[in-house]
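Right, one structure below, let's go through it.
The basis for the numbers below is simple: all heavy atoms, side chains too, and nothing from hydrogens, waters or symmetry mates.
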Amino acid sequence: DIATRIDALDWNRRLWSTLATSCADPDNQLMAPLKAQIISISLFVSRHSSAVMKGEEDFEPLIDINRSIMQ
């Protein structure tokens, strides 16, 4: 149902936002290129999630990103 999808989108966006915030922390010891990539993905996820909620885009790219990261 639509409420479940919106909740999932919101949770996913908050997860990526948390990861980006962690990468922006000067004490984060990940390599700079990896931190930049995570922040970039987070920005994409945020923009794309908004577009999905408006019915302008599909979920699939978000699912693909999460699957790729898990692997």
Subject >> By side-chain contact (heavy atoms from CB on, under 4.5 Å) - contacts of N66 (at least two apart) >> reply: N12, W16

**OP:** If a pair satisfies side-chain hydrogen bond (donor to acceptor under 3.5 Å, both in side chains) and one of its residues is in residues 43-54, list it, with sequence neighbours excluded.
**Re:** R13-S50

Subject >> Residues clustering with L43 (ILVMFWY side chains joined when closer than 4.5 Å, directly or via others) >> reply: I39

**OP:** Please collect all side-chain hydrogen bond (donor to acceptor under 3.5 Å, both in side chains) contacts where either partner lies in residues 22-32, sequence neighbours excluded, each pair once.
**Re:** S22-N28

Show the atom names and distances, to 0.1 Å, of all donor-acceptor pairs under 3.5 Å that link a side chain in residues 57-65 to residues at least two apart or in another chain.
unit_1	atom_1	unit_2	atom_2	d
D58	OD2	E60	N	3.2

Original post:
Among all residues two or more places apart in sequence or in another chain, which pass the salt bridge (charged side-chain N to carboxylate O under 4.0 Å, His left out) test with R14?
Top reply: D10

Original post:
Between the main-chain N or O of S17 and the side-chain N or O of T21, is there a donor-acceptor pair closer than 3.5 Å?
Top reply: yes

Original post:
When clusters are formed by joining ILVMFWY residues with side-chain heavy atoms under 4.5 Å apart, either directly or through shared neighbours, do I38 and M31 land in the same one?
Top reply: no

